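This structure is a prediction, so every number in the text was calculated from the model and none was measured. Just so you know, residue 1 is the first one in the sequence shown, and it goes up from there.
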Amino acid sequence: MDFLQNIVEYILDMGAPVFVPLIMLVIGLIARMKFKDALSAAIIFGVAFSGMSLVVDFMLASISPAAQSFAENTGINLNAVDGGWTTAAAITWSWPLAFLMFPITVGINIVMLAFKLTKTLNVDMWNVWGKIFTAILVMFLSGSVVLGFVVASIQVVIELKIGDIWGKEIEDLTGIPGVTVPHHMTIIASLLYPIDKLMDKVPFLNKKMDAEALRDKLGVFAENHIMGGLIGFLLGLAANYSIQDSLVLGIQAATALTLFPMVSKLFMQALSPISDAISEFMKKRFGDREIFIGLDWPILAGRNEIWVSAIVIIPVLLLFSVILPGNAVLPFGGIVNLSVCVAVVLLTRGNLVRSIIYGVITAPVFLYISTYFAPYITRLANETGSVNVEAGSMLTWSTIENGEFKLVFANAMAGEWWGILGAIVWLGLFIIFYFGRKRDNEKYFNEAEK
């Protein structure tokens, strides 16, 4: 067991920009790519991953202090500290049984591929921590480690199935073929799907409203650099920045929104030859069977709708944190709510107005769920000794990914009637989403081909 744990730690220490390209190199060679072509594609993928991480970190480093300043200006003092996803990941990896989730995740994926229960081969091993996090919370509420891993395994299956749904849509949004994003943050789209179907009936909300469509209507004001500059400048003013600092923030936001689509083209350059090789490989051995390579969400980061909606809903999230009774969380580390924005850009096919609406209506849900789990996240931090939580305060994550799933399934495993009912409803909504969206995609892409 120690040997397996050492292997896992060795791989994780290399970081995602190294070990994921290595996996892509192996996949390319298995698909009979020439070594030089597979190596070139793998390295370019590593460059794209590192480049996107740099731009995302730059964006968050620019926007987060302004958002936090805006929060501090409210004068509200809430006792649950928002450490964001980075703190949640750090304390999760410190759990002694964390490494067991790797063989479970890989094993489930292999079995489902073998029995044609999924089209997704998930190589995003870094985000295994999200399944571990689920297992820990379920264990804390149910008192059973086994039940924790059972629910985490259910999450693996759900992620692979939603990866099947997103494959064609990601190609449509990014131009990158043969890849998908089986990330647990996107699962919230399944709960919003019924609302999305209602919005289809509203003429104003049923129009194409992605960044490209807005560019046609608004001209230069919808260009990436102009839009980023204006949003950054206004956020600076809202944060009580000086005119000088607001202008600096405007340029920083403009820089990020300009660079995102440039870096995203590197993903296409790297993944297209690998995707073509895999398609050819699968045709020779399995007919026309389609396989998607599951990757982390940054392959979508070139879509500016994600960032515009995330920035716009910052003040909304802060407002709800102030006015909601029973909320204990003041958003800080998780204040840029990618936990919903990535999912809803996929759900709405890039519709910016709908994405913002979903960000608004889900804000209270995120805050209440993060408040609910704050004592358990604090317990994990204290037991692992990875984070020092001061007496009288708690640690949490204001925009906890896939929190609805964790909430109902953890309480179902604890024997709570409402948790059992919630888990049944959750699974029902996911099934409705899966088959409904599958039909929607067939219609959408058939019409697009005409």
Worksheet entry | Any residue meeting side chain to side chain donor-acceptor pair (under 3.5 Å) with Tyr193, in chain and number order, not counting sequence neighbours | Asp440
Worksheet, complete the sentence: For Trp129, the side chain to side chain donor-acceptor pair (under 3.5 Å) test, sequence neighbours excluded, returns Asn127
N/O donor-acceptor pairs under 3.5 Å from side chains in residues 156-168, not counting sequence neighbours:
{"residue": "Glu159", "atom": "OE1", "partner": "Lys131", "partner atom": "NZ", "Å": "2.8"}
{"residue": "Glu159", "atom": "OE2", "partner": "Gln155", "partner atom": "NE2", "Å": "3.0"}
{"residue": "Lys161", "atom": "NZ", "partner": "Leu117", "partner atom": "O", "Å": "2.8"}
{"residue": "Lys161", "atom": "NZ", "partner": "Tyr434", "partner atom": "OH", "Å": "3.2"}
{"residue": "Asp164", "atom": "OD1", "partner": "Thr118", "partner atom": "OG1", "Å": "3.0"}
{"residue": "Asp164", "atom": "OD1", "partner": "Lys119", "partner atom": "N", "Å": "2.9"}
{"residue": "Asp164", "atom": "OD1", "partner": "Thr120", "partner atom": "N", "Å": "3.2"}
{"residue": "Asp164", "atom": "OD1", "partner": "Thr120", "partner atom": "OG1", "Å": "2.7"}
{"residue": "Asp164", "atom": "OD2", "partner": "Thr118", "partner atom": "OG1", "Å": "3.2"}
{"residue": "Asp164", "atom": "OD2", "partner": "Lys119", "partner atom": "N", "Å": "3.4"}
{"residue": "Trp166", "atom": "NE1", "partner": "Thr186", "partner atom": "OG1", "Å": "3.0"}
{"residue": "Lys168", "atom": "NZ", "partner": "Glu290", "partner atom": "OE2", "Å": "3.3"}

Judged by atom type as modelled, is there a donor-acceptor pair below 3.5 Å linking the side chain of [X] to the main-chain atoms of [Y]?
X: Asn411; Y: Glu416; result: no
X: Ser309; Y: Ile306; result: yes
X: Thr378; Y: Ala374; result: yes
X: Tyr358; Y: Asp196; result: yes

Within the structure provided, determine whether [X] and [Y] are in side-chain contact (heavy-atom separation under 4.5 Å).
X: Met185; Y: Trp85; answer: no
X: Phe409; Y: Trp426; answer: yes
X: Ile291; Y: Leu113; answer: yes
X: Phe133; Y: Ile400; answer: yes
X: Phe292; Y: Val179; answer: no
X: Asn337; Y: Ile314; answer: no
X: Ile361; Y: Ile195; answer: yes
X: Met139; Y: Phe149; answer: no

Worksheet, complete the sentence: Residue set satisfying side chain to side chain contact (heavy atoms under 4.5 Å, CB included) with Val146, at least two apart, ordered chain then number -> Ser144, Val150
Side chains of residues 338-347: which donor-acceptor partners sit under 3.5 Å, not counting sequence neighbours?
{"residue": "Ser339", "atom": "OG", "partner": "Thr399", "partner atom": "O", "Å": "2.6"}

Discussion item. If I compare all heavy atoms of Leu367 with all of Ser321, which pair ends up nearest, and what's the gap?
Written reply: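 In terms of heavy atoms, the two residues are closest at CD1-N, 3.5 Å.
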Worksheet item: So, for Ala80 and Thr396, which heavy atoms are closest and what is the spacing to 0.1 Å?
Response: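 That closest heavy-atom pairing would be CB-CG2, 3.9 Å.
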Practice prompt. Would you please name every residue forming a ring pair (Phe, Tyr, Trp, His ring centres under 6.0 Å) with Phe140, sequence neighbours left out?
Written response: none
Practice prompt. For Arg349 and Asp172, run salt bridge (charged side-chain N to carboxylate O under 4.0 Å, His left out): C-alpha distance rounded to whole Å, both residues' side-chain angles, the deciding distance at 0.1 Å, then the answer.
Written response: CA-CA 9 Å; Arg349 306 187 199 275; Asp172 186 50; 5.6 Å; no
Fill in: Heavy-atom neighbours of Trp418 CH2 exceed 12 at 6.0 Å
yes
Worksheet item: Tyr372 vs Tyr376 aromatic rings, parallel, tilted or perpendicular, using cut-offs 30° and 60°?
Response: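 Taking Tyr376 first and then Tyr372, their aromatic rings sit tilted (interplane angle of 30° to 60°).
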